[in-house]
> 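Below is one structure. I have some questions about it.
Labels below follow one simple rule: chain letters A, B, ... track the order of the sequence lines, proteins then strands, and each chain is numbered from 1. This is a predicted model, so every value here is computed, not measured.
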Amino acid sequence: MQEITEVRWHGRGGQGTVTAAKIFAETAMSEGKYVQAFPEYGPERMGAPLRAYNRISTKPLSLHCQVTNPKIVAVVDATLLGSVDVAEGTAEDAIFVINTPDDPKKVRETYRIPHGSIFTVDATRIALETLGKPIPNTPILGALARVTDTISKEHLIEDTRVNLSKKFSPEIVQKNIEAITRAYEEVRGE
Amino acid sequence: MGKPVAMTGNIAVANAMRQINPDVCAAYPITPSTEVMQQFASFVADGKVDTELVTAESEHSAMSACIGAAAAGGRVMTATSANGLALMWEMLYIASGNRLPIVMTVVNRALSAPINIHGDHSDGMGARDSGWIQIYSENAQEAYDNLIQAVVIGQHRDVRLPVMVGMDGFIISHSIENLELLSDQEVKDFIGEYLPLYPLLNIKQPVTYGPLDLQDYYSEHKRQQAEAMKLAKPVILKVAQDFAALSGRKYGFFETYRLDDAEMAILTLGSSAGTARFVIDRAREQGVKVGLIKLRVFRPFPMKELQAALGHLKALAVMDRCDSFGAAGGPVFSEVRSALYDLSPHPAVVNYIYGLGGRDLGIAHIEQVIRDLQEIRQTGCIRELLTYLTVRE
Amino acid sequence: MATLKELSKREELLAGGHRLCAGCGASIVVRQILLAAGRNVVVSCATGCLEVSTSIYPYTSWRVPFIHSAFENSAATVCGVEAMYQSLKRRGKLPVDEEIKFIAFGGDGGTYDIGLQSLSGGLERGHDFLYVCYDNGAYMNTGIQRSSSTPLGADTTTSPVGKVIPGKQQYRKDLTDIVEAHHIPYLAQASPHNWKDLTHKVEKALSIKGPKFLNVIAPCHRGWRAGVNQTIELARLAVETCFWPLYEVEDGKLTINYKPREKKPIIEWIKLQGRFSHLLKPENEHILRRLQEGIDAKWESLLRREGEK
């Protein structure tokens, strides 16, 4: 199991959480890894809580069951913290990356996250200031690149550039890269 | 070596269809297969294929149009799931009875009621007697590879049968994984030119399709259909061989894993095979002699081949992602167990029905199956012939 | 437009020897249509009398390519054939100088009822085909069960005249109106007694690209309980009473192709048919009146609509 890194994403419909899981996987793949990215589907509409998952490994992946014990938990919407147990199934060495203006200590106390390392980043503010829209998914990816060794910032930026250039103008691509870079710099640990 | 990409099963299959560039596609959207035709429609809109796309008003009409198009004399493809396949029911038999090599992706999903959009094999298994060749895929790579092979299998002169290629709804259809695509040219060369047989569009030689066939001929026509299924077996293997030469990826009626020296085994099909392989590796580390058979081709059913592969086992667990209410067990179980009847001695065979409506089959569940097999191996007794796994009782 | 002399010299494309009843309206309709259409057609046919009686393996009456797949999908099936034609033509896999037309046949059961969705889908998608409904007003193939085309009051095996209920209680569905709501380039009603009108409509329809529809009355003497030799007379009277008006709608413009000099009362048509014999009894006079009212209203609306244009 050690060679597989599992990630669980918590977000709400419309925040780009599923896309973030997809970019995370694609970036890892461009680093030569084997990847899976899959959302949990139900009748989710915009604003409803949802989860998405990743498996990343240096060896081919054959598991097709759910991710129940993630090493990394990314919380794209901090308003979920009160109602969803984001620590469910995690171990002592879990990594939590949470989109919130609060510092990790306050998050740990308020929501009683018992273990693991908590990192926070104000991804929504970064998104508003760079992209002009409250879509926090790209900044969260920047934070993940910083605090995990699963993907690197350089590959993330390169992958974002390649992916977004298919659909968006160079200015928008540049703004996304700026959002990644800022989150990479601004993410805080305990 | 192909180009490595990360894509969902649905998008992989849509890309196979783009590379196949069929003459006609007729389809109707249904979760979780919608994305296949959605992606294909954008290939049509962008001029990446020049297929005639018929956006039918129901699955019944979609399959009817596929039948008309295939009889007209060209390559035809579609995709559906669950209730969509159920609505096609009548037409499935008409497609195979008319010997039309339509190729269809079935993104396997539970049947209503209650309505559920997630993956199980109720839809495909319900169509097991419809005269279609059935191939099941473990992951996106296999869904892609199987679809390309399906075209060549179905159109073979000895076969001339429709083929459905299954992949598990959401688990594979909506999950991004690494896979390799062949080049467009490789696919084009592999599938070759389509040679129509008795096309309706040859107005110089008018033919009648779908006549009234009474007591004096119907049985012979059905017998020929049965023969075509039989003849499909060597064709499936030959196509797999050619495909391996092209891609390096090997296929057969089934795949075995750590089976040669195994005393016990799990037989499954679809995405759960991957999870089972993972658990078997761990059990092997503990010295448990357990192996895996992943069934790929369910129709034609490889009875003799399974007898040869499974005869040395002491205990076998057959996993069904579908119930057959009131039957001896799930459909795969009933057929596998029947196949082993001629062997003496034959393995003890038990059945697990699991994962209905997308219920997760986790590592612990498969570990339980292995523990049960060990008990049967040790005691020689079967406590439960049929177990509903992953169910609260 | 072909003359009678020209039509009579053309090859019969529905061979004799089929097993339709003597005096069957459907075969007369199909022969006239194929004479007008010529050899370069592919035909699809819904399950029904026409299909089971003309293609009993190993024989076929069809001298043109023919496909039957099921009951409810003559339209969807022909749409598939047509789609393949468009595709192969575009890909250069068919002779360039060969133009093929597509005709789907269905009875009223296969068109008004079980096949309505398939027809609607094909019309909406704009396939290049002509759909012909041969309307005999009931499920004749399975033994005269009521369809949504069965006229008010008719005695069928599933709307029998009983001690309490005197035959079918509902007006028939106006399928031609429903088809018109699809705004296709051409649709018409026709009758085999007026071969000239029918064959001209077929020729016109096949000269137009896109979906076309013909609703053709096809008397069934068994279901209607009339004489074997009365098929054409029954068709004529259906038109003379305005039960079955001959009209066409071309690009939205409605034309009534035949206006009886003197519109006959519906009883003239009713009294020839055993399925309506109970309507001649005094206690059922109100049904007859309702039937007449329905016919009058439709005829009036056609006249009004024609005048408006």
> With a 4.5 angstrom heavy-atom cut-off, could you sort out which part of B:Val279 is near chain A: side chain, backbone, both or neither?
neither

> Angle between ring planes, B:Phe170 versus B:His174, binned at 30° and 60°: parallel, tilted or perpendicular?
tilted

> Tell me whether A:Glu31 contacts the main-chain N or O of A:Ser152 through its side chain, where contact means a donor paired with an acceptor under 3.5 Å.
yes

> Does the Lys NZ or Arg CZ of B:Lys294 fall within the cation-pi geometry relative to B:Phe254 - under 6.0 Å from the ring centre and within 45° of the axis?
no

> Checking an interface table here. Which of residues 269-277 of chain B come within a heavy-atom distance under 4.5 Å of chain A?
B:Ser271, B:Gly274, B:Thr275, B:Arg277

> Taking it one step at a time, do A:Arg108 and A:Glu190 satisfy salt bridge (charged side-chain N to carboxylate O under 4.0 Å, His left out)?
CA-CA 9 Å; A:Arg108 185 182 295 284; A:Glu190 277 171 288; 2.6 Å; yes

> Less than 4.0 Å between a side-chain N and a carboxylate O, is that true for B:Arg249 and B:Glu142?
no

> Do A:Arg12 and A:Thr79 pair up side chain to side chain, a donor and an acceptor below 3.5 Å, judged on atom types alone?
yes

> Between A:Lys22, A:Glu26, A:Met29, which has the largest tally of heavy atom pairs under 4.5 Å with chain B?
A:Met29

> Tell me if the OH atom of A:Tyr34 is crowded by more than 12 foreign heavy atoms within 6.0 Å.
no

> Heavy atoms under 4.5 Å from chain B: which residues of residues 111-126 of chain A carry them?
none

> Heavy-atom distances under 4.5 Å only: say whether B:His365 touches chain A with side chain, backbone, both or neither.
neither

> Is the shortest side-chain N to carboxylate O distance from B:Arg18 to B:Asp184 below 4.0 Å?
yes

> My understanding is that only one of B:Thr256, B:Leu259, B:Thr268 makes a side chain to side chain contact (heavy atoms under 4.5 Å, CB included) with B:Leu292; could you say which?
B:Thr268

> Checking A:Lys153 against A:Glu158 for the salt bridge (charged side-chain N to carboxylate O under 4.0 Å, His left out) test, could you report, in this order, the C-alpha distance in whole Å, the side-chain angles of both residues, the deciding distance, and whether it holds?
CA-CA 8 Å; A:Lys153 187 176 100 177; A:Glu158 186 47 34; over 6 Å; no

> With no hydrogens and no angle check, is any side-chain donor or acceptor of A:Gln36 less than 3.5 Å from a backbone partner on A:Ile56?
no

